[in-house]
K.L.:
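One structure is given below, represented as structure tokens, and several questions about it will come after.
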2 protein chains.
Amino acid sequence: MTQAETFMKQDSESLLDAHAFAGVCKALGHPARIRIVEHLKAIDRCICGEIVQILPLAQSTVSQHLKVLKNAGLVKGEVEGPCTCYCLDRETLERFKKTAGSI
Amino acid sequence: MTQAETFMKQDSESLLDAHAFAGVCKALGHPARIRIVEHLKAIDRCICGEIVQILPLAQSTVSQHLKVLKNAGLVKGEVEGPCTCYCLDRETLERFKKTAGSI
DNA sequence: ATTGTATATCGTCGTTTTACGATTAATAGG
DNA sequence: CCTATTAATCGTAAAACGACGATATACAAT
């Protein structure tokens with residue numbers, strides 16, 4: 001980590017917020033991931049394969065996008081037999097909406 | 001542009017929204033840019049040099065971040081003599097907040 | 001005209017992202 | 001036990017990002 005990056009993370013309380021909020025924004029900064037979130041919002045929960053169907057992307061690419069969303073805390077996935085069922089993490093989403101609204 | 005990218009842009013109305021919204025999210029997906037937006041929100045308008053002062057980044061880097069925000073429609077800059085004065089584009093910001101709230 | 005100040009742009013370098021196919025791992029069902 | 005299915009991971013290539021210093025540009029003031 002560079003000095004600038006360290007400084008950017010360490011400063012005041014609002015900077016920590018900026019960093020966290022930027023992280024979620026970054027995760028939402030791709031149309032495919034927006035569509036995944038929209039889909040999950042609409043149908044509550046679904047298996048990975050269904051998301052692969054609705055996007056014009058390879059299975060491995062979708063899996064990567066889901067990982068990005070998961071790392072950002074926006075979605076949760078739980079294994080159900082051979083499938084993985086995904087749903088939104090409403091808490092992160094609400095926090096994001098709240099912060100976005102306050103900008 | 002790949003086939004997948006083209007498809008991702010062309011589809012239904014909601015996809016265009018997804019693309020536009022993702023673009024703004026992406027622009028906000030860096031702590032330095034969040035801080036710039038917060039600062040402009042707080043003081044309404046200021047010259048570039050002031051932003052350079054509050055960030056631990058080189059002038060050229062800040063200029064790049066401002067360009068990203070400008071391209072995303074989040075800020076507007078107007079030349080005032082030797083300086084450039086920046087302010088938020090409230091319209092884009094409101095649209096972002098509205099869309100974020102609807103997710 | 002010259003000098004100084006403010007900002008944008010250029011060139012570069014290392015890192016990250018995005019995409020894909022191929023492979024692996026895990027589980028369900030015959 | 002084998003086989004098929006599902007999803008994650010690996011390896012890779014192209015593109016984009018983020019940072020910087022150096023340079024160019026534009027304007028103010030002397």
Side-chain angles (χ1 to χ4, degrees), chain A residues 1-9 18-19 22-36 39-40 45-72 74-87, chain B residues 1-9 18-19 22-36 39-40 45-72 74-87:
Chain A
M1 188 179 304
T2 69
Q3 195 187 356
E5 285 169 337
T6 304
F7 184 91
M8 199 74 86
K9 283 185 185 176
H19 200 266
V24 178
C25 285
K26 191 175 180 180
L28 291 174
H30 191 291
R33 295 196 286 265
I34 293 291
R35 291 184 63 184
I36 291 172
H39 187 69
L40 288 175
R45 36 194 288 115
C46 75
I47 64 169
C48 175
E50 187 176 322
I51 298 170
V52 172
Q53 293 301 316
I54 64 169
L55 293 177
L57 297 171
Q59 177 265 322
S60 58
T61 306
V62 172
S63 203
Q64 272 188 140
H65 282 305
L66 284 166
K67 194 176 178 180
V68 171
L69 290 171
K70 206 157 53 172
N71 287 341
L74 281 163
V75 308
K76 290 179 285 193
E78 62 183 86
V79 176
E80 289 184 0
C83 305
T84 305
C85 193
Y86 282 97
C87 65
Chain B
M1 188 179 304
T2 70
Q3 194 189 355
E5 285 169 336
T6 304
F7 184 91
M8 199 75 86
K9 283 187 185 174
H19 200 266
V24 178
C25 284
K26 191 174 180 180
L28 292 174
H30 191 290
R33 295 195 289 264
I34 294 290
R35 291 184 64 184
I36 292 172
H39 187 69
L40 288 176
R45 39 195 285 117
C46 74
I47 64 169
C48 174
E50 189 174 321
I51 299 171
V52 172
Q53 293 302 316
I54 64 169
L55 292 177
L57 297 171
Q59 176 267 324
S60 59
T61 306
V62 172
S63 201
Q64 271 188 139
H65 283 306
L66 284 166
K67 193 175 179 181
V68 171
L69 290 171
K70 207 159 51 174
N71 287 340
L74 280 163
V75 308
K76 291 179 286 194
E78 62 183 86
V79 177
E80 289 184 0
C83 305
T84 306
C85 193
Y86 283 97
C87 66

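The sequence lines fix the lettering, A, B, ..., with proteins before strands; numbering per chain opens at 1.
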K.L.:
Look up atom CG in Leu74(A) and atom CG in Leu66(A), then write down how far apart they are to the nearest 0.5 Å.
P.N.:
11.5 Å
K.L.:
Check whether any side-chain N or O of His30(A) sits under 4.0 Å from OP1 or OP2 of dA19(C), and answer yes or no.
P.N.:
yes
K.L.:
Please determine whether a side-chain nitrogen or oxygen atom of His65(A) lies at a distance below 4.0 Å from atom OP1 or OP2 of dT17(C).
P.N.:
no
K.L.:
When you measure from the side chain of Ser60(A), which nucleotide among dT9(D), dT18(C), dT7(C) comes out closest?
P.N.:
dT9(D)
K.L.:
With heavy-atom distances below 4.5 Å as the criterion, would you say the side chains of Gln59(B) and Ser63(B) are in contact?
P.N.:
yes
K.L.:
With a 3.5 Å cut-off and just heavy-atom distances, do the side chain of Gln64(A) and the base of dA8(D) make a donor-acceptor pair?
P.N.:
no
K.L.:
Which part of the nucleic acid, if any, lies within reach of Leu66(A) when heavy atoms closer than 4.0 Å are counted: base, sugar-phosphate only, or nothing?
P.N.:
nothing
K.L.:
May I ask you to verify if any side-chain N or O of Lys26(B) is less than 4.0 angstrom from the OP1 or OP2 atom of dC17(D)?
P.N.:
yes
K.L.:
Confirm from the modelled atom types if Gln59(B) and dA8(C) form a donor-acceptor pair under 3.5 Å, side chain to base only.
P.N.:
yes
K.L.:
Provide, to the nearest angstrom, the distance between the CG atom belonging to Leu57(B) and the P atom belonging to dA8(C).
P.N.:
15 Å
K.L.:
Mind calculating the distance between NZ (Lys67(A)) and C1' (dA8(D)) to the nearest angstrom?
P.N.:
8 Å
K.L.:
Name every residue in residues 76-87 of chain A that has at least one heavy atom under 4.0 Å from any atom of DNA chain D, in order of residue number, or write none if there are no such residues.
P.N.:
Pro82(A), Cys83(A), Thr84(A), Tyr86(A)
K.L.:
Specify the separation, in whole Å, of atom NE2 of His19(A) and atom P of dG18(D).
P.N.:
12 Å
K.L.:
Does His65(A) have any ring-ring contact (aromatic ring centres under 6.0 Å, His included) partners at least two apart in sequence or in another chain, and if so, which?
P.N.:
His30(A)
K.L.:
Ignoring backbone atoms, establish whether Thr61(A) has a side-chain N or O less than 4.0 Å from OP1 or OP2 of dT18(C).
P.N.:
no
K.L.:
Leu55(B) vs Ile36(B), test: side chain to side chain contact (heavy atoms under 4.5 Å, CB included). Steps then yes/no.
P.N.:
CA-CA 9 Å; Leu55(B) 292 177; Ile36(B) 292 172; 3.8 Å; yes
K.L.:
Could you tell me the separation between the CD1 atom of Ile47(A) and the C1' atom of dA28(C), rounded to a whole number of Å?
P.N.:
14 Å
K.L.:
Is there side-chain contact between Lys67(A) and Asn71(A), with heavy atoms separated by less than 4.5 Å?
P.N.:
yes
K.L.:
Measuring only between side-chain heavy atoms, which start at C-beta, is Leu28(B) closer than 4.5 Å to Leu28(A)?
P.N.:
no
K.L.:
Applying side chain to side chain contact (heavy atoms under 4.5 Å, CB included), run through Lys70(A) and Tyr86(A) and close with a yes or a no.
P.N.:
CA-CA 9 Å; Lys70(A) 206 157 53 172; Tyr86(A) 282 97; 3.9 Å; yes
K.L.:
Among dG21(C), dA8(C), dA8(D), which nucleotide has an atom closest to any side-chain atom of Ala58(A)?
P.N.:
dG21(C)
K.L.:
Taking CG from Leu69(A) and P from dT17(C), how many angstroms apart are they, rounded to a whole number?
P.N.:
13 Å
K.L.:
In whole Å, what is the span from the CG atom of Asn71(B) to the P atom of dT9(C)?
P.N.:
10 Å
